[in-house]
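Nothing fancy with the numbering, it's 1 onward along the sequence. In listed order, ligands and their atoms are each counted from 1. Computed from a predicted structure; not experimentally measured.
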Amino acid sequence: MVPEELISAAAEMIASAKSLVALTGAGVSAESGIPTFRGRDGLWRRYKPEELATPEAFERDPRLVWEWYKWRMEIVFKARPNPAHEALAELERLGVLKCIITQNVDGLHQRAGSKCVVELHGSLWRVRCTTCSYRSRVEEPPREIPPRCPICGGLLRPDVVWFGEPLPKAATEHAFRLAMECDVMLVVGTSGVVLPAGLLPVTAKQHGAKIVEVNVEESAITSIADVFIKAPAGISLPRIVEKVKAILQSG
Ligand code: OAD
């Protein structure tokens, strides 16, 4: 159980922030039943990234890569946003949270009602053609794999970032601008080991921001956190948001 004083310290920082930005990772969706990447049951324990999440793997065996993405899309399709996603959406509605920068590709922040979401690693719910410039949103997992481009018949790929690929330029620039300008960064459920996303809290800190971290275990970010809440996000974020509301009402 997280001591009330820590929840209060986090809430005070958040409620008094002029520009609050959140950085989220797979841990924020763990309580929706979506596997994380690292850790005991993490995806990278069971699957090799180089066989499934690289441009070379897709060239070698697009069907295999699509099978894996279709499986992940099916899990997310059946999943629902959890109280952590909802708490972050509520913070935005309260006018406290400016934007979420996420490494997640599951779209659950948007489904919970968050409006400003910067997707650093792309989205499971977009595809793009490997031959022409066709891009599209998708509402559900593809029936036939590998799916084909309706314009040119080329292979469609998930619009996600694979190992060895650059991050989307506009999203990355937006994320670093937010990190430089925020005065509090709320870091939730990320190991912080994947760059450049892991550099965002460091950038924020270097520009004078306070860091509030929520994670079930220590991460690469914890050493620079001003408040570290060691607890599941789905339990601790709603508690923090309740406190933030109470502070806003009393002030
Ligand atoms: P990781 O799997 O590396 O880390 C998940 C983090 O969430 C860990 O620090 C866990 O301790 C924490 N965690 C787990 N359950 C939690 C819970 N209920 N509440 C709070 N924290 C919890 O996932 P990411 O940091 O998101 O990239 O990984 C970053 C990137 O690595 C991913 O976007 C993906 C992967 O390779 C690409 O695919 C490009």
Give a yes or no on whether the backbone of [Y] and the side-chain of [X] come within a donor-acceptor separation of less than 3.5 Å.
X	Y	answer
Trp162	Ala57	no
Asn104	Ala26	yes
Glu31	Gly234	yes
Asp226	Val212	no

Considering only the SG atoms, does Cys152 lie under 2.5 Å from Cys129?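 Unbridged: Cys152 and Cys129.
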
So which heavy atom in the protein is nearest [atom], and how far is it from that ligand atom?
atom	answer
atom 28 (O) of ligand 1	Arg38 NH1, 3.2 Å
atom 16 (C) of ligand 1	Gly27 O, 3.5 Å
atom 18 (N) of ligand 1	Glu31 OE2, 2.8 Å
atom 10 (C) of ligand 1	Asn215 OD1, 3.4 Å
atom 30 (C) of ligand 1	Val194 CG2, 3.6 Å
atom 6 (C) of ligand 1	Gly189 O, 3.4 Å
atom 33 (O) of ligand 1	His121 ND1, 2.8 Å
atom 39 (C) of ligand 1	Val161 O, 3.3 Å

Residue [X] vicinity, atoms of ligand 1 by number, heavy atom under 4.0 Å:
X	value
Gly25	26 (O)
Phe163	36 (O)
Ala26	23 (O), 24 (P), 26 (O)

Min N/O separation Val214 to ligand 1 under 3.5 Å: no

Classify the side-chain pair Asp183/Ser19 by whether it contains a donor and acceptor separated by less than 3.5 Å.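 The answer is no; no qualifying pair exists.
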
Would you check if there is a donor-acceptor pair between the side chains of His85 and Ser114 at a distance under 3.5 Å? no

Going by heavy-atom distance to atom 4 (O) of ligand 1, choose the closest among Ser32, Ala30, Pro232, Ser191. Ser191

Got Lys243 and Glu4 here, is their nearest side-chain heavy-atom distance under 4.5 Å?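 Yes, close enough: below the 4.5 Å cut-off.
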
Do the numbers put Arg111 on top of the ring of Trp125, so that NZ or CZ is under 6.0 Å from the six-membered ring centre and no more than 45° off the axis? no

